[in-house]
Amino acid sequence: MLELKRLREDINTVKKEIEKRGAGISFDAWIKWDQTERELKVQIEGLQARKNKASEEIVALKKKQLPTDAILAEMKQVSQQVETLKLEIKTAQEEGAAFLLTVPNIPHASVPVGKNEDENIEIRQWGHRPLFPCTPRPHWEIGERLGILDFERAAKMSGARYALYQGLGARLERALINFMLDLHQHRYKEIIPPLIVNRESMTVTGQLPKFEEDLFHIGAEDAFLIPTGEVPLTNIHRNEILSHEQLPIFYVAYTPCFRREAGSYGKDTRGLIRQHQFNKVELVIFSPVESSYTLLEQLLSDAEEVLKRLELHYRVVALCTGDLSFASAKTYDIEVWMPAQGKFREISSCSNFEAFQARRADIRYRTSAGKVIHLHTLNGSGLAIGRTVAAILENNQQADGSVLIPEVLRPYMGGVERIV
RNA sequence: GGAGAGAUGGCCGAGUUCGGUUGAAGGCGUCUGACUCGAAAUCAGAUAUAGGGGAAACUCUAUCGGGGGUUCGAAUCCCUCUCUCUCCGCCA
């Protein structure tokens, strides 16, 4: 949610900034609602003040045992007027608030302006493409041949876009989870959150009200399966006032994630890239406002560190305004090299939401100057586990069909060096 | 699932029986000043958030878990939802 003050004082700049996303949002109706709301508020408050004064007068009259009929009758009327005006203001408020929940965040000044992902900017590359004696196989083929991935049986029990891991495949997935959690321990506090959250939690992080069709909904409870650990982690401090000494707060959590993937029919239909259920290690930071962009770089480098240790070739891109997600002010994607596809694929997304989520969640902190203000939230994948498995299978495949386990994972695999 | 109790400011905790200068006693904490070489102790004062008006001093409005109702007036009465606690049942 954007800052009301900013919208009121500087609507034209805000419009221009939002326009960079290419979202095509009109603020005209909101401006009217807001004006109506403020006008009605002045009227209501005037009447309210009269009522409060009258209330004191009534007490005084009663003490002196004087009649109160006249003033009671008058106040009854005033109360009715207030009632009517309140009904009017409620409509304006509800319409205005509902609209604001659908407005995306303002991109940070450093975000490159562009229409779509083609205009994202590559920041750096790390490592180099592995060389193969013959055409590298896609990871699903490798996984099925080695008997560690079974998509057919997963489809039988659940449908398309589910995976069944077996044997060393399951062990590799678990090894990655533990490796990543251990790696992030030095800065981040480990959390195991609920995987089912309520409507409000989803609204805070921005999945609702706009993207309900992407979520798995549990109708009987009006609850949702989380699409990312970001949701419960960010909601940890909902409606809280923290002290500046507590900040920044770093959290890491392993969670399964659940996504409907509505509208992505035909995309990545094979393999581990796009699943309805996948595992992820998520990093979330609660930051003082002045250091959130420094911490974004920190977050990014913490996520990169995982790929470096796994010795996987990757690049970092800065998303352009047209590719930025709804709640984000600035996002870096980390893309890992996928040899079979011959391209980089997103494996982590690190974002600074500034106060966008904090305002929705009302997460504030007391500054050293004693002011209470909304803090900044950041999150990043550190990393998506399924995609990491895919990257390892493809990048580390050998001519004989086996797959080498990255050295750092071997202690997590009981010393296994190679899947054959 | 059944029966009951509760939710008040940064924290603890009165007030709810009998609705009326109660934005809310008291304590703790925090801040400022006095005392002190300094500190502790002590004393005095200050100490919520949001929004409106005003150059400012200041002033008005809302907020006692959320929503709704009764009333001239609600922390206080009624309804409802959420959460917490106690007892019983069931359960990994």
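Just so you know, these numbers use all the heavy atoms, side chains as well, and skip hydrogens, waters and symmetry mates. Here is the naming used below: chain letters follow the sequence lines, and residue numbers restart at 1 for every chain.
- With a 3.5 Å ceiling on both atom-pair distances, the Watson-Crick or G-U wobble partner of B:G65 is B:C81.
- Dashed line: the shortest gap from a side-chain N or O of A:Gln48 to OP1 or OP2 of B:C60 is not under 4.0 Å.
- Checked against salt bridge (Lys or Arg N to Asp or Glu O under 4.0 Å), A:Glu37 has no partners two or more places apart in sequence or in another chain.
- Side-chain nitrogen and oxygen atoms of A:Ser79 include none within less than 4.0 Å of the OP1 or OP2 phosphate oxygen of B:U71.
- Nucleic acid contact for A:Lys62: base, since at least one base atom lies under 4.0 Å from a heavy atom of the residue.
- Sorted pairs that involve residues 157-170 of chain A and meet salt bridge (Lys or Arg N to Asp or Glu O under 4.0 Å), not counting sequence neighbours, are lacking altogether.
- Taking a pair to require two hydrogen-bonding distances under 3.5 Å in either a Watson-Crick or a G-U wobble arrangement, B:A34 pairs with B:U42.
- Rounding to whole angstrom units, CG of residue A:Leu4 and P of B:G51 are separated by 8 Å.
- Nearest-nucleotide positions on RNA chain B place A:Arg8 closer to the 5' end than the other of A:Asn52 and A:Arg8.
- The nucleotide whose nearest atom lies closest to any side-chain atom of A:Arg364 is, among B:C72, B:U49, B:G69, B:U49.
- In this structure, A:Ala49 reaches the sugar-phosphate backbone alone: every heavy-atom distance under 4.0 Å involves primed, P, OP1 or OP2 atoms, never a base.
- Both distances falling under 3.5 Å, in either a Watson-Crick or a G-U wobble arrangement, occur for no nucleotide opposite B:C90.
- Across the protein-nucleic acid pair, A:Lys5 atom NZ and B:A50 atom C1' stand 10 Å apart, rounded to whole Å.
- Annotation: salt bridge (Lys or Arg N to Asp or Glu O under 4.0 Å) contacts involving residues 188-206 of chain A, sequence neighbours excluded, comprise A:Arg199-A:Glu212, A:Arg199-A:Asp222, A:Glu200-A:Arg238.
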Table of protein N/O atoms under 3.5 Å from nucleotides 63-68 of chain B N/O atoms:
none

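- Straight-line distance from the NZ atom of A:Lys86 to the P atom of B:G69: 9 Å, rounded to whole Å.
- Near RNA chain B, defined here as any heavy-atom distance below 4.0 Å, the residues from residues 67-77 of chain A are A:Leu72, A:Met75, A:Lys76, listed numerically.
- For A:Arg364, the salt bridge (Lys or Arg N to Asp or Glu O under 4.0 Å) partners two or more places apart in sequence, or in a different chain, are A:Asp362.
- Salt bridge A:Glu17/A:Lys20: present, at least one basic N to carboxylate O contact under 4.0 Å.
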In residues 379-391 of chain A, what donor-acceptor pairs under 3.5 Å come from side-chain atoms, sequence neighbours left out?
unit_1	atom_1	unit_2	atom_2	d
A:Asn379	ND2	A:Glu230	OE1	3.3
A:Asn379	ND2	A:Glu230	OE2	3.2
A:Ser381	OG	A:Ser349	N	3.1
A:Arg387	NE	A:Ile273	O	2.9
A:Arg387	NH1	A:Glu346	O	2.8
A:Arg387	NH2	A:Ile273	O	3.0
A:Thr388	OG1	A:Ala384	O	2.5

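- Annotation: salt bridge (Lys or Arg N to Asp or Glu O under 4.0 Å) contacts of A:Arg270 (sequence neighbours excluded): none.
- Pairs of residues two or more places apart, or lying in two chains, that qualify as salt bridge (Lys or Arg N to Asp or Glu O under 4.0 Å) and include a residue from residues 280-298 of chain A are A:Lys280-A:Glu282.
- Every residue two or more places apart in sequence or in another chain that forms a side-chain contact (heavy atoms from CB on, under 4.5 Å) with A:Phe211 is listed here: A:Asp214, A:Phe326.
- Between the CD1 atom of A:Ile363 and the P atom of B:A50 there is a distance of 16 Å, given to the nearest Å.
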**Nucleotide-resolved protein contact map, nucleotides 6-13 of chain B, B/S/- at heavy-atom distance under 4.0 Å** = --------

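- Taking the six-membered ring wherever Trp is involved, the centroid distance between the rings of A:His376 and A:Tyr365 does not fall below 6.0 Å.
- Under the Watson-Crick and G-U wobble criteria, each requiring two contacts below 3.5 Å, nucleotide B:U47 is paired to B:G29.
- Using a 4.0 Å heavy-atom criterion, one finds that A:Ser55 contacts the bases of the nucleic acid, with or without backbone contacts as well.
- Qualifying salt bridge (Lys or Arg N to Asp or Glu O under 4.0 Å) partners for A:Arg171, counting only residues two or more places apart in sequence or in other chains: none.
- Note: A:His276 and A:Phe216 have perpendicular aromatic rings, judged against thresholds of 30 and 60 degrees for the angle between ring planes.
- Remark: B:U17 base-pairs with no nucleotide in the shown strands. Criterion, Watson-Crick or G-U wobble with two distances under 3.5 Å.
- Remark: B:U71 base-pairs with no nucleotide; criterion is Watson-Crick or G-U wobble with both hydrogen-bond distances under 3.5 Å.
- Under 3.5 Å, the side chain of A:Lys41 and the base of B:G51 form no donor-acceptor pair of N or O atoms.
- Rounded to whole angstrom, the span from the CG atom of A:Leu47 across to the P atom of B:G53 amounts to 17 Å.
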